[in-house]
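Each remark here refers to the structure printed beneath this line.
Remember, it's a predicted structure, so these values are computed and weren't measured experimentally. Chain letters run A, B, ... following the sequence lines, proteins first, then strands; residues in each count from 1.
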Amino acid sequence: MEHITRTKVSDLLQSKDFGKEVLIKGWVRTRRGNKQVSFIAVNDGSVIHNIQVVAEVEKFNEELLRQVTTGSCIAVNGILVESPAQGQPVEIQAKEIALYGTADPETYPLQKKGHSLEFLREIAHLRPRTNTFGAILRIRHAMAFGIHKYFNDHGFYYLHTPVITGSDAEGAGALFRVSTLDAQNPPLKEDGTIDYSQDFFGKETKLTVSGQLEAELGALALSQVYTFSPTFRAENSNTPRHLAEFWMIEPEMAFCDINDNMDLAEDMLKFLMIYALEKCHEDLLFLQKMYDNELIERLEFVINNKFVRATYTEAVEILMKSGQSFEFPVNWGIDLQAEHEKYLVEKHFKKPVILTDYPKEIKAFYMKQNDDGKTVRAMDVLFPKIGEVIGGSQREENYKRLLQRTQEMHMPEKDIWWYLETRKFGTAPHSGFGLGFERLILFVTGMANIRDVIPFPRTPKNAEF
RNA sequence: UCCUCCUUAGCUCAGUUGGUUAGAGCAUCUGACUGUUAAUCAGAGGGUCGCUAGUUCAAGUCUAGCAGGGGGAGCCA
C-alpha cells in the first residue's frame, strides 16, 4: 500500500495520467452501489470535490467494505481512469483499500444530506468535514495568505504585538483579565481591593483589544508595519457580527495622511477580492450556489467600483434630506447607527463608502484633529451587507494636542507614557486602520453569521471545542 | 444587555378548540437492483415532546421561572 506516495484529490481531479497507479487518503462522504460494485466518494480537504473510488465487490473482503461508511477514513491504492459516467472527469479503480478509522453510522452525526448551520455549530469538531466548512476554511486560509502577500509586496513588515497588555489604552471595549491569582482567595490590599502587585506581572493585565498602539511604535521606526493577530472583547455582544475572540489586521504607516490611508484600504480590499476569485473560484461557486446567489457578483462589484468618499457632515446632510424615517433621529454629532450606514451604502450611494472627518467626541483620543476644532481625521469603510469593515484614522502626531486629548478623555498617563513619548522623540505624521478579519471573511464567503467563518468561535456562554 | 421568535426521533420539521397508542421526509438497519451521482424500490427499528414548577378530570398544546438557540438592536471590528 505504501510503496507509492499519496496524491491529493485536487491534483488527481486535474490529472490526465490514465492507467497510472495512485494512492489517495481521505474521509468517506458516501458509499452507494449494489452487489457487484461500490462507489465510494472520498474527500481529503484539498478541494471541494470528491474523488470517486470504484470497488468491485468480489475483489474485496466483505467485512472491510461494510465498514467503509460515511465518515470513515480510508486509503485507496488503484488505477486512475477516465470516468465512463457523468459527474466526474476521473475515478479510481480500487486495487487495495485500507481502513484507518471507522465511523459508526448509527452515531456519526454528519449525514450526506445537508445540515443546518446551527446544528453544525454544535459539532464544531466535525464540521470542517462538510463541503461548506471545507470551502470556508480554504477561503479563510487564502485570505490570510493574501493579506501577508499584499503587505509583503508593498514593503510592510509584519510586527508581532503582545496579546497580554497592561493598559486599556484604546478604550475599545471591555477586557478579559489575565491573572494567576487564586480566584477563590485573592490577596487583598488594605482597602479591600485585589492586590495585583502580587499577580504574575506585578500589575493588573488584560487580553489586548487592539495592537494599534504598539503598531504605531513600529511604524515610527520601520515606516510601514502591519499586525495580524487575535484580539479580545469581553462585551456581552450577541449578534451575527461579533466574536469575543477575533483576528484583526492593522497596518500602520509613517509619512502617510488620511488620503493615503484610504487609498491603501481600498487597494488592499480590492486586491483581496481579486485574490479570492482567482484562488478560491470553485469554493466560491459552491457557496454561491448553496447560500448566496449574488456572491460573486458582489465581489466583482467591489473590484470594479471606486469607493465613494464623503465626509461625516455630508453623510448627515444626505440622511437628513433623505425623507427616511429612522429609528434613531439624525443630527450632526450623533454616532451613525447601523440603519444609517445601511441607507448610505445600499440605498443612496449603492457602492462601498468611506466616511471621513467624524466629530471628535465620538472617536478615539489618538485621532488627528482637524483645524475646525470639531472633527478628526477618522475614516470608516462601509460595505454592503456587513457594514463597517474597516475603521482607521490619521493619528495625532503633535505631543501637546495628543496629551490634551488624553487628559480630556481621562486616559491614565502612567499606562501610555511610552505611546506619548513617540510624539516627543522624532514624531512623524502617520496613519493606519483596523480590518476585522472575520468580517472580511463574512463578505467574501457570503455567510450570514460570523460564527460560521472562524473554526472555533468564542462568544458569550460558548467556549466549547 | 434590551426586544422578539424558537426548543417534538440522529437531522429537518408537522402536530387543529387542551382529549385514546405523538406523525412525515431524510438518515440508520434489513432486503432487492450489473455503473451509482443528495441513486432508486420494499420493509423495520427509533421519542421522558429542553428543564422545573403550576393550572386542569386530562398538558407536546395553557401559565411562570430557568437553560440553550435564531433574528433584530446596542457596544464595535
Side-chain angles (χ1 to χ4, degrees), chain A residues 29-41 49-58 66 69-71 81 83-88 91 93 103-123 130-131 170-174 209-212 229-250 265 290 326-328 335-342 362-364 380-383 386-392 433-443 448-454 459-462 464:
Chain A
R29 288 295 173 80
T30 67
R31 180 167 68 87
R32 41 177 188 268
N34 52 42
K35 281 227 169 90
Q36 283 69 40
V37 62
S38 261
F39 301 97
I40 307 162
H49 306 293
N50 307 322
I51 191 143
Q52 173 159 282
V53 172
V54 183
E56 286 174 47
V57 172
E58 58 172 17
R66 231 173 43 75
T69 58
T70 300
V81 298
S83 179
Q86 298 273 310
Q88 57 280 319
E91 62 189 32
Q93 289 286 349
D104 176 14
E106 296 272 8
T107 51
Y108 184 65
L110 287 171
Q111 308 167 173
K112 27 190 157 175
K113 280 206 165 188
H115 290 288
S116 68
L117 294 168
E118 290 84 358
F119 173 67
L120 292 176
R121 276 172 222 150
E122 293 171 11
I123 50 166
T130 62
N131 286 335
E170 217 212 345
V209 294
S210 164
Q212 182 199 311
S229 158
T231 50
F232 306 87
R233 305 281 163 92
E235 302 288 348
N236 190 11
S237 297
N238 294 287
T239 85
R241 297 179 310 284
H242 291 86
L243 291 164
E245 175 182 305
F246 65 101
W247 288 69
M248 194 149 61
I249 298 101
E250 295 175 291
M290 300 301 286
F326 293 111
E327 189 191 336
F328 295 89
D335 205 353
L336 296 181
Q337 303 295 315
E339 57 173 345
H340 305 136
E341 295 179 345
K342 218 176 183 72
I362 60 172
K363 288 292 181 184
D380 283 3
V381 180
L382 310 178
F383 260 28
I386 58 166
E388 183 181 339
V389 66
I390 279 179
F433 62 79
L435 165 66
F437 187 56
E438 283 76 17
R439 295 241 175 119
L440 173 77
I441 306 301
L442 271 183
F443 186 78
N449 194 312
I450 203 160
R451 292 157 199 207
D452 297 329
V453 296
I454 185 167
T459 53
K461 301 277 157 59
N462 183 10
E464 194 73 43

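Separation of the C1' atoms belonging to B:U48 and B:U7 is 15 Å when rounded to the nearest angstrom. Taking the P atoms as reference points, B:C57 lies 47 Å from B:A73, given to the whole Å. Between B:U20 and B:C6, the distance separating the two C1' atoms is 30 Å to the nearest Å. For the P atom pair drawn from B:U61 and B:G19, the interatomic distance equals 10 Å after rounding to whole Å.
Judged by distance alone with a 3.5 Å cut-off, a donor-acceptor contact links the side chain of A:E91 to the base of B:G35. Residue side chain A:Q36 does not reach the base of B:U36 through any donor-acceptor N/O pair under 3.5 Å, judged by distance alone.
Place A:Q93 and A:R66 on RNA chain B by their nearest nucleotides, and A:R66 ends up nearer the 5' end. When each of A:N462 and A:F246 is assigned the nucleotide of RNA chain B bearing its nearest heavy atom, the one mapping closer to the 5' terminus is A:N462.
What separates CG of A:N238 from P of B:C2 is a distance of 10 Å, to the nearest Å.
Applying the 4.0 Å criterion to OP1 and OP2 of B:A32, one finds that A:K35 has a side-chain N or O inside that range. Using a 4.0 Å cut-off, some side-chain N or O of A:N34 falls inside it from OP1 or OP2 of B:G35. Of the side-chain N and O atoms in A:R32, none sit less than 4.0 angstrom from OP1 or OP2 of B:A38. For the pair A:N449 and B:G71, the criterion of a side-chain N or O lying under 4.0 Å from OP1 or OP2 is met.
At a cut-off of 3.5 Å, with distance as the only test, no side-chain donor of A:T231 or A:R233 sits close to an acceptor on the other residue. Side-chain N/O atoms of A:S210 and A:E250 include a donor and acceptor closer than 3.5 Å.
Among the nucleotides B:G35, B:G70, B:G71, the one closest to the side chain of A:P240 is B:G71. Proximity note for A:F39 (side chain, C-beta onward) versus B:U36, B:C76, B:G74: the nearest is B:U36.
The partner of B:U7 is B:A67, judged by Watson-Crick or G-U wobble contacts that both fall below 3.5 Å. Remark: B:A14 base-pairs with no nucleotide; criterion is Watson-Crick or G-U wobble with both hydrogen-bond distances under 3.5 Å. Remark: B:A42 base-pairs with B:U30. Criterion, Watson-Crick or G-U wobble with two distances under 3.5 Å.
Contact of the A:I249 side chain with the A:F437 side chain is registered, since non-hydrogen atoms from C-beta on lie closer than 4.5 Å. In this structure, the side chains of A:L110 and A:L120 come closer than 4.5 Å at one or more pairs of heavy atoms.
A:R29 is linked by a side chain to side chain contact (heavy atoms under 4.5 Å, CB included) to A:A41, A:N43, A:N50, A:N131, counting only residues two or more places apart in sequence or in another chain.
Within 4.0 Å (heavy atoms only), A:A41 reaches no atom of the nucleic acid at all.
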Footprint string (nucleotides 3-15 of chain B, 5' to 3'): B base within contact, S backbone only, - free, heavy atoms under 4.0 Å: -------BSS---

